[in-house]
Asks: 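Supplied in structure tokens, the structure appears directly below.
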Amino acid sequence: MKITPLHPSLGAEIAGVDLSRPVDAPAREALGRALGEHLALVFHDQSLTPEQYLHAASVFGPPMEQHYSQHNMADFPLIGLIWHRNGQQPAEAWHTDHTNRERPPAATILYGLEIPSAGGATSVASMRAAYTALPEDERRRLESLTTFNGLDGHADTKAEDRAKYGHLVEHPMVRTHPIHGSRAVYFHVSKTDHVSGMTPEASKRYMNGLLERMIRPEIIYQHRWRRGDVLVIDNRATMHRAHGDYDRTESRVLWRIIVGGDRPRLA
Ligand SMILES: [Fe+2]
């Protein structure tokens, strides 16, 4: 296994791993540590069946149910399809996935099957670097705040998903990484009903203002997809977004798996 950093702030390419084959215990441990350190891992030229992909994803944690079950693969409901032709809009706002769970996913894993000829990248920002760059008084303030997270307002969310995943879950706005031990800023604007002590409107203004100040080009790794890429994103210390800047007559198909993690805590 060879690990090559892709960007000064985050991201690394992993060479010498065929994810269609079983990954042994030492390699699993090395990959888990690499994710905690580099926050985004890229594997090129993979060729995976849904079963193989689920096995590979489990290196990073147990696959979890996704709450937009209308987009899950029929025979493999732990794999979600990201595909604009089934009515989805690219998720272009910065976010981290499924913050409405008590134990949100440690990682989101994307496998690129159909890639447009231009555009359609996925960007990942280091919220560890964002935290470090904040002035001391602002870090202390964020450490004192929590968010209350529910489902965001997708009109096509199924009633059963709303019933299971719609209640509010509280998380700290700064969380400690369970493997790396570092701190990162942690919130999801559209899943946050409110920040502790703020109205919903003030909460949105506050979080959007934070994003404007924190997300700078130097903390972003932009992944330009090639067919067969697997991108593993560490949700505990990053935010990500899709780029909708591609020709919608072309196809962009990614398979998504989210894997279980710890309950966010500030230590
Ligand atoms: Fe996402």
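Throughout, numbering of the chain's residues begins at 1 and tracks the sequence. Hydrogens, waters and symmetry mates play no part in the numbers below; they use all other heavy atoms, side chains included. Whatever order the structure lists ligands and atoms in, that order sets their numbers, starting from 1.
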Asks: Taking the side chain as every heavy atom from C-beta outward, state whether H171 and T146 have any pair of such atoms under 4.5 Å apart.
Replies: no
Asks: Should the pair R139 and Y131 be classed as cation-pi, given the thresholds of under 6.0 Å to the six-membered ring centre and 45° from the axis?
Replies: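 The answer is yes, since R139 meets both limits relative to Y131.
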Asks: Return the set of residues passing ring-ring contact (aromatic ring centres under 6.0 Å, His included) with H38 (not counting sequence neighbours), or none when no residue passes.
Replies: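 Scan of H38 (ring-ring contact (aromatic ring centres under 6.0 Å, His included), adjacent residues dropped) gives none.
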Asks: With a 4.5 Å heavy-atom cut-off, do V189 and L211 have their side chains touching?
Replies: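 They are in side-chain contact.
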Asks: Is there side-chain contact between I109 and V230, with heavy atoms separated by less than 4.5 Å?
Replies: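 SC-SC contact between I109 and V230 confirmed.
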Asks: Are there any protein N/O/S atoms under 2.8 Å from the Fe ion (ligand 1), and if so, which?
Replies: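 You should have found H95 NE2, D97 OD1, H240 NE2.
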Asks: Hey, does the side chain of R236 reach the backbone of A184 with a donor-acceptor pair shorter than 3.5 angstrom?
Replies: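 Not a single qualifying donor-acceptor pair exists.
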